[in-house]
K.L.:
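The structure follows.
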Amino acid sequence: MLKVGVLASGRGSNLEALIRASRAGERLFEIVCVISDVATARALDVGREAGIATYALDPGQFGKKRDYEARIVEILKTHEVSLVALAGYMRIVGPELLSAFPGRIMNIHPSLLPAFPGLEAQAQALAYGVKVTGCTVHFVDGGMDTGPIIVQKAVAVEEDDTVSTLSARILEQEHIAYPEAIAMYAKGRLSLSGRRVIVKRSETNA
Ligand code: GAR
């Protein structure tokens, strides 16, 4: 079974969705550890309550980002992690972590990338006035929200949407998209052609 390590900074609803998906149906993957850069993050409670090993790391306690990430890599390796899933992890991944898991780090972002990268993507979409936004699961590269796209889900923007109503509808789609992307990876259905992620047909559809 694919062993997944999750990095999260906050609420942990995507982590919850991943745990739920991992424990239902085909059992294609398992979340084996949760690491947070925020000691009070609800994601750590979610992990603990699910019986998963959790780690709070304060980046400020490490001299350099490289040392902080080296500790993350050490934890991930201890748990024999094959895939790293960023789930509301609010830091740019540096070379230390990227090089330890090349092509094996995924992220979820609350917009249809490449539109609205960075912080407060839902507010950016509302302010811009787009009629459709959504979420993206992508592989992580050295840039901010720039890596190859695996899954996207579209969400219509309604006339009376606020950041909070729009974010809630996007979040529902995030909770579907992330397990879907990891399941495809676990089944070996994803490959790269340039920056395009090619999704092989599943055996049942072939
Ligand atoms: C999610 O909406 C996720 O897409 C977003 O943070 C939220 C985390 O929620 N991530 C980013 O904006 C990354 N750039 P959660 O902690 O409940 O999963």
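Start at 1 and go down the list; that is how both ligands and their atoms are numbered. It should be emphasised that the depicted structure is a prediction, and the values quoted were computed from it without experimental measurement.
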K.L.:
Are there more than 12 heavy atoms of other residues, nucleotides or ligands under 6.0 Å from atom CZ of Arg66?
P.N.:
no
K.L.:
Checking a contact table here: which protein heavy atom is nearest atom 14 (N) of ligand 1, and how many Å away?
P.N.:
His109 ND1, 3.2 Å
K.L.:
Side chains of Thr136 and Gln152: is there a donor and an acceptor less than 3.5 Å apart?
P.N.:
yes
K.L.:
Starting from atom 9 (O) of ligand 1, find the nearest protein heavy-atom neighbour and note its residue, name and distance.
P.N.:
Arg11 NH2, 3.1 Å
K.L.:
Provide, to 0.1 Å, the distance between atom 8 (C) of ligand 1 and the closest protein heavy atom, together with that atom's residue and name.
P.N.:
Gly88 CA, 3.6 Å
K.L.:
Quick check with a 6.0 Å cut-off and a 45 degree axis cone: is Lys187 positioned over the face of Phe29's six-membered ring?
P.N.:
no
K.L.:
Is the shortest N/O to N/O distance between Leu15 and ligand 1 below 3.5 Å?
P.N.:
no
K.L.:
For Arg189 and Tyr185, indicate whether the former's side chain and the latter's backbone hold a donor-acceptor pair under 3.5 Å.
P.N.:
no
K.L.:
So, for Tyr89 and Val93, which heavy atoms are closest and what is the spacing to 0.1 Å?
P.N.:
CE2-CG2, 4.5 Å
K.L.:
Got the closest protein heavy atom to atom 1 (C) of ligand 1, with its distance?
P.N.:
Glu174 OE1, 3.2 Å
K.L.:
Short question: side chain of Thr165, backbone of Asp161 - any donor-acceptor pair under 3.5 Å?
P.N.:
no
K.L.:
State whether the shortest distance between N or O atoms of Tyr89 and N or O atoms of ligand 1 falls below 3.5 angstrom.
P.N.:
no
K.L.:
Please list the nearest protein heavy atom to atom 12 (O) of ligand 1 with its residue and the distance rounded to 0.1 Å.
P.N.:
Pro110 CD, 3.4 Å
K.L.:
So with a 6.0 Å cut-off around CD of Glu158, is the heavy-atom count from everything else above 12?
P.N.:
yes
K.L.:
How far is atom 10 (N) of ligand 1 from the closest protein heavy atom, and which atom is that?
P.N.:
Ile108 O, 3.7 Å
K.L.:
Would you call Gly12 a ligand 1 contact, heavy-atom distance under 4.0 Å?
P.N.:
yes
K.L.:
Return the option from Glu120, His175, Gln122, Met90 holding the heavy atom at the smallest distance from atom 6 (O) of ligand 1.
P.N.:
Met90
K.L.:
Considering only heavy atoms of Asn14, which atoms of ligand 1 have at least one such atom less than 4.0 Å away?
P.N.:
1 (C), 15 (P), 17 (O), 18 (O)
K.L.:
Between Glu69 (side chain) and Gly94 (backbone), is there a donor-acceptor pair under 3.5 Å?
P.N.:
yes
K.L.:
Any idea which protein heavy atom is nearest atom 15 (P) of ligand 1, and the distance to it?
P.N.:
Ser13 N, 3.4 Å
